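These numbers come from a predicted model, not from an experiment.
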Amino acid sequence: MMATVLQPSSGSLQLLGRDPASYSQRREIRRRLGYLPQNLGYYPGFTVVEFVEYFALLKEMLPAQIPAAVAVAVDRVELGERANSKLRTLSGGMLRRWGSPRPS
């Protein structure tokens, strides 16, 4: 529910002062929400850049903003040299860095 994937079975929920049951408010929540599961699942065939682009699309980022945002995110986690590497080739430490970027 906190990731706006499931609706509450009863009661109501507010995230960031918004109601995730409303499509427009859910979009805004997703744009602002950070989510890192205990076990980071990923598509091993994706490159670092492709997976960051995938998350940008899930957060409903405007397509024109995605390339610059991806470049910033990859730089922030210091994976620029591995930007075009498949995720399956990254070390465990690199995967953890990729999964939890530092705040700007």
Side-chain angles (χ1 to χ4, degrees):
M1 283 185 273
M2 295 288 289
T4 72
V5 176
L6 301 173
Q7 293 292 321
S9 55
S10 65
S12 62
L13 175 68
Q14 272 204 346
L15 296 167
L16 304 169
R18 292 171 172 80
D19 178 4
S22 161
Y23 176 74
S24 62
Q25 291 184 37
R26 184 170 54 247
R27 288 183 66 196
E28 182 59 27
I29 291 167
R30 287 179 179 170
R31 287 180 178 146
R32 297 179 59 205
L33 182 71
Y35 172 70
L36 181 63
Q38 180 68 28
N39 294 312
L40 183 63
Y42 63 93
Y43 298 101
F46 276 18
T47 66
V48 170
V49 166
E50 289 168 338
F51 209 62
V52 176
E53 288 172 342
Y54 172 68
F55 272 95
L57 291 170
L58 290 177
K59 292 180 83 57
E60 301 184 27
M61 182 175 281
L62 296 174
Q65 295 175 337
I66 291 175
V70 168
V72 168
V74 170
D75 185 56
R76 187 175 291 156
V77 294
E78 300 175 2
L79 287 176
E81 292 180 11
R82 301 297 304 267
N84 294 310
S85 299
K86 300 285 186 187
L87 294 177
R88 70 173 158 257
T89 68
L90 300 182
S91 69
M94 287 179 180
L95 286 171
R96 280 185 216 57
R97 257 192 297 160
W98 161 81
S100 57
R102 293 181 301 263
S104 54

Asks: Output all residues satisfying side-chain contact (heavy atoms from CB on, under 4.5 Å) with Q65, sequence neighbours left out; order by chain, then residue number.
Replies: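 M61, L62.
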
Asks: Taking only residues two or more places apart in sequence or in another chain, which ones pass salt bridge (Lys or Arg N to Asp or Glu O under 4.0 Å) with R31?
Replies: none

Asks: If you look at every heavy atom in V49 and V74, which pair is closest and at what distance?
Replies: CG2-CG2, 4.4 Å

Asks: Looking at residues at least two apart in the chain, or sitting in another chain, which of them share a salt bridge (Lys or Arg N to Asp or Glu O under 4.0 Å) with R26?
Replies: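 Partners of R26 under the salt bridge (Lys or Arg N to Asp or Glu O under 4.0 Å) test: none.
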
Asks: Ignoring hydrogens, what is the shortest heavy-atom contact between E50 and T47? Give both atom names and the distance.
Replies: OE1-N, 2.8 Å

Asks: Given the rule that I, L, V, M, F, W and Y join up when any side-chain heavy atoms are under 4.5 Å apart, are V72 and Y54 in one cluster?
Replies: no

Asks: Can you tell me how far apart OG1 (T89) and CE (M94) are? Round to the nearest 0.5 Å.
Replies: 8.0 Å

Asks: Sequence neighbours left out, what passes salt bridge (Lys or Arg N to Asp or Glu O under 4.0 Å) with E60? Give chain and number order.
Replies: R27, R30

Asks: Just list the side-chain donor-acceptor pairs under 3.5 Å for residues 13-22, sequence neighbours left out, or say none.
Replies:
from	atom 1	to	atom 2	distance (Å)
R18	NH1	L16	O	3.0
D19	OD1	A21	N	2.9
S22	OG	S24	OG	3.4

Asks: How long is the span from the CZ atom in R82 to the CG atom in L87, to the nearest 0.5 Å?
Replies: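 One gets 10.0 Å once the value is rounded to the nearest 0.5 Å.
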
Asks: Are I29 and M1 co-members of a hydrophobic cluster defined by side-chain heavy atoms under 4.5 Å apart?
Replies: yes

